[in-house]
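All ligand and atom numbering here is 1-based and tracks the order in the structure. By convention here, the first residue in the shown sequence is residue 1.
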Amino acid sequence: MISKEIEKALNNQISLEGYASHLYLSMASWCDTQGLTGCKSFLMDQSDEERVHMLKIFEYMSEVDGHGITPEIKQPPSQFKSVKSLFEMLYEHEQKVTQSIHELVDLAYTEKDYTTLNFLQWYVEEQREEEDLARTILDKINLIGDSPQSLYFIDMELEKISSSSAG
Ligand code: FEO
């Protein structure tokens, strides 16, 4: 059994994860139009992962007698200035998600809701990994630039990450 406040905060998290899934799908589609198939595969994987993050909260809600609400999801941008700005946007969104997870942890801690606190640990760790990955990609882009030649290598790198995480 969770409190109404925790339920509300978890539904807000569902909405953030759902938006991330939509945003990364839109980013993947834009990369496809630019011929960046490695970036596209990487972002498609990220989009799928975000949907899983959202679904895990639905499952948790069901187990603790909460009500997971399917969120309204606003349309994400479909155009991006550059690959660099796209990954900056991704990193910003991940930081926003991390902030929200930490606020949820605070709330669970204040309410002495140890079950939710335990459930959230998985997200705390996942966010650390996702922020690290986004920063690593941005570091690489900053290092070699985003000229067409550099993008060719960035695209290959992301293809590698994408295939190494598949299965
Ligand atoms: Fe599920 Fe990357 O936030």
Thinking salt bridges, do [X] and [Y] make one under a 4.0 Å N-O criterion?
{"X": "Lys8", "Y": "Glu5", "value": "no"}
{"X": "Lys160", "Y": "Glu157", "value": "yes"}
{"X": "Glu92", "Y": "Lys96", "value": "no"}

Self-check item: Nearest-0.5 Å distance that lies between atom CE in Met27 and atom NE2 in His93
Solution: 9.0 Å
Exercise. Please indicate how many protein N/O/S atoms are found closer than 2.8 Å to atom 1 (Fe) of ligand 1, with waters neither displayed nor included.
Key: 3
Exercise. Using the side-chain contact (heavy atoms from CB on, under 4.5 Å) rule, pick out the option among Ser82, Ser78, Pro77 that qualifies with Phe80.
Key: Pro77
Exercise. Could you list who else is in Met44's hydrophobic cluster, with ILVMFWY side chains joined at under 4.5 Å, directly or through other members?
Key: Leu25
